[in-house]
Amino acid sequence: MSEPILELNGLGKTFEADGNRVVALSDVSLTFARGGCHAIVGESGSGKTTLANLVLGLMAPTAGEMRFNSVALPGDRGKGHRRAIQLVQQNPLSALNPRRTIGASVRLPLDVHEIGTSSGRAARVAELLQEVGLEPDYAQRSPRGLSGGQRQRVAIARALACEPELIVLDEPTSALDVLVQARVLKLLERLRVEHGLTYLFITHDLAVVRAIATTVSVFQRGRLVESGPVEALFAAPQADYTRQLIGAVPVVTEEEARLRDAIRAGAPMPAAGPGA
Amino acid sequence: MAAPSAPAGGNKPRSKALAAFFGNPLSVLGLAIVTVIVLLSVFADWLTPYPEHVGPIGDFAAMNMPPDETYRLGTDTMGRDLFTRIVYGYQLSLIMAVVVLSIATPVGVVVGLVAGYKGGWIDYALMRITDIFLAVPPLVLAMAIMGFLQPTLMNGMLAITAMWWPWYARLIYNVTRAEAQEGYVLAAETVGASTAHILFREILPNCWPSILTKMTLDIGFVILMASSLSFLGLGVQPPTPDLGSMVAEGAKYMPDAWWLSVWPAIAILIVVLGFNLVGDGLREAFEAES
């Protein structure tokens with residue numbers, strides 16, 4: 001494993017409002033290697049979105065610390081950290097401003113971080129669009145006419161414009177249909193390799209995890225349940241909860257049903273393809 | 001779960017909006033009314049038969065004439081052509097509406113944007129100030145200001161502006177609160193965009209439909225409010241032609257010289273109706289667009 005890009009040490013987040021205490025995340029210690037695709041899985045309310053928000057600096061932790069490239073991440077992020085850690089959101093329909101052109105949305109990070117000359121930025125936008133598989137003339141279009149998959153590609157181009165090191169992918173394909181989902185995953189995988197990116201891939205879809213992730217961390221009610229390389233964890237889930245989670249994946253074929261039953265019984269998983 | 005991934009096709013949102021507006025006969029009627037009134041007001045010096053009647057002096061040989069071939073809408077107590085005075089009344093009303101809205105709208109919009117996006121104590125402070133203004137009945141507030149100051153055109157506009165901006169603050173506050181939840185605002189935050197950029201370049205463009213619709217409707221209402229003030233004697237003073245004071249003046253001669261107040265009253269009705277129809281049409285058009 002290469003050197004860590006992000007380390008979480010005893011990270012915790014507790015929300016307090018009107019005397020109610022909600023522990024969203026508690027005592028999470030994890031290390032993410034540079035260049036990997038690290039899946040964070042768990043059901044709703046498991047704290048995975050809170051973790052994303054903490055990493056992005058959208059909220060401050062109430063316990064522990066985060067280190068990015070071995071330097072502690074401040075609660076109030078400077079422009080450098082903002083640029084280095086990017087986000088691709090779940091809902092591509094709301095992630096693009098309906099009243100700004102695709103080009104303006106992709107260009108925003110270039111203007112904010114003063115990347116390139118102002119005349120060179122239009123060319124860079126065209127380049128970025130091509131990189132995510134869109135024609136450069138999309139720059140003049142409104143997001144309204146685009147499909148969910150196309151919008152998600154634009155959102156990826158925008159994140160890429162920052163030339164980030166780490167991208168938090170918050171269920172980036174869960175709002176897309178299966179075929180589009182596969183293409184977007186393939187695109188993300190290619191970009192990760194080409195740009196040496198690190199992904200924090202938040203999802204509840206274990207099929208996606210098997211398809212794209214290198215490591216996986218399982219969360220339940222704000223706590224880290226289990227963490228490890230994907231193959232190892234799927235083949236021999238240690239925690240009961242992980243077994244339940246894998247067992248809860250909907251199955252279609254009889255073979256998949258047998259696999260699931262084997263996992264539920266706690267038997268090691270036969271090496272199988274991601275099944276899509 | 002799965003969002004529809006089919007593209008909307010070649011149907012541009014703008015052409016959809018235009019089709020919705022012009023497909024509604026009432027919107028077209030409103031637009032026609034507004035166009036005629038605006039053209040009459042702008043070119044009043046050329047389009048009115050007696051532009052000299054805008055002052056205090058008319059034709060004393062033809063006072064209180066009922067509508068006839070010379071004076072299509074009749075003349076007033078000074079022998080001035082009513083049609084001419086109504087057109088100049090429109091001119092003044094439109095100027096007032098434009099001045100009031102061009103001050104009230106930006107003030108209200110900025111207050112609403114900042115309060116809605118920033119939240120916390122800024123939200124609390126700004127919106128409570130807004131509520132205080134909203135709590136006072138508009139006409140009473142305007143009367144208080146006008147009674148305290150001199151009843152002049154300038155003070156009239158000041159009074160109406162003071163009571164008008166909170167409505168924009170309220171409206172834009174609510175729009176902003178909703179828009180701030182949208183993913184594109186989060187995206188702008190995560191790429192490190194400034195608050196000014198997020199407020200004015202990201203959120204504000206999404207407020208335009210609400211702002212434009214409200215402004216169009218409000219032109220009519222500002223004219224109505226200004227007329228109400230001058231009807232009560234608190235607005236524009238004679239001899240400046242003003243629709244409200246013409247109605248008030250003419251009411252003394254009802255029903256014998258009915259034309260003195262009936263025509264200006266109908267004129268107010270028409271202009272308010274016209275701007276309302278356009279405003280409703282715009283609202284429908286913006287709804288069709290999204």
Side-chain angles (χ1 to χ4, degrees), chain A residues 52-53 56-58 77-100 104-106 108-113 141-152 154-155 158-159 161-162 164 167-168 170 173-181 205, chain B residues 1-18 20 109 113 117 119-120 172 175-213 285-290:
Chain A
N53 289 339
L56 286 162
L58 297 173
R77 299 288 163 83
K79 268 196 171 178
H81 282 127
R82 282 229 178 277
R83 182 176 165 181
I85 305 176
Q86 277 307 307
L87 167 72
V88 174
Q89 302 174 41
Q90 176 175 16
N91 182 0
L93 298 180
S94 106
L96 300 175
N97 193 332
R99 296 208 171 256
R100 308 193 81 209
S105 287
V106 176
L108 174 63
L110 301 177
D111 289 334
V112 169
H113 298 290
R141 292 173 62 173
S142 146
R144 271 190 257 251
L146 268 59
S147 68
Q150 288 170 324
R151 290 184 198 211
Q152 202 58 300
V154 175
R158 172 173 57 194
C162 291
I167 301 185
V168 176
D170 187 5
T173 58
S174 66
L176 307 175
D177 67 51
V178 183
L179 277 175
V180 179
Q181 179 173 343
D205 186 343
Chain B
M1 274 291 285
S5 61
N11 218 344
K12 288 267 161 50
R14 192 159 294 169
S15 60
K16 257 196 258 176
L18 285 174
V109 166
L113 278 173
Y117 178 67
I172 297 309
V175 178
T176 305
R177 292 269 299 203
E179 291 295 327
Q181 304 301 317
E182 291 288 321
Y184 68 83
V185 174
L186 175 62
E189 287 166 355
T190 47
V191 302
S194 65
T195 302
H197 173 91
I198 291 171
L199 288 184
F200 297 110
R201 305 293 299 278
E202 302 283 345
I203 296 177
L204 182 59
N206 289 284
C207 298
W208 277 122
S210 311
I211 296 173
L212 288 180
T213 306
F286 284 126
E287 273 165 17
E289 186 186 28
S290 52

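Chain identifiers are assigned alphabetically (A, B, ...) following the order of the sequence lines, protein sequences preceding nucleic acid strands; residue numbering begins at 1 within each chain.
Between chain A and the options B:V185, B:T190, B:I203, the largest number of non-hydrogen pairs under 4.5 Å is found for B:T190. Comparing A:L87, A:N97, A:V112 by how many heavy-atom pairs each has under 4.5 Å with chain B, the most go to A:N97.
Only the backbone of A:I85 comes within less than 4.5 Å of a heavy atom of chain B; no side-chain atom from C-beta onward does. Neither the backbone nor the side chain of A:N91 comes within contact range of chain B, judged by heavy atoms closer than 4.5 Å. Contact annotation for A:H81: neither backbone nor side-chain heavy atoms come within less than 4.5 Å of a heavy atom of chain B. Proximity to chain B (any heavy atom under 4.5 Å) is restricted, for A:L96, to the backbone atoms N, CA, C and O.
If you check the side chains of B:E179 and B:Y117, you find no donor sitting under 3.5 Å from an acceptor.
With hydrogens and angles ignored, the 3.5 Å screen pairs a side-chain donor or acceptor of A:Q152 with a backbone N or O of A:Q89. Under a 3.5 Å cut-off, the side chain of A:R151 and the backbone N or O of A:L146 do form a donor-acceptor pair.
The side-chain heavy atoms of B:I211 and B:V175, taken from C-beta on, include no pair separated by under 4.5 Å. With a 4.5 Å cut-off on side-chain heavy atoms, B:R201 and A:R100 count as touching.
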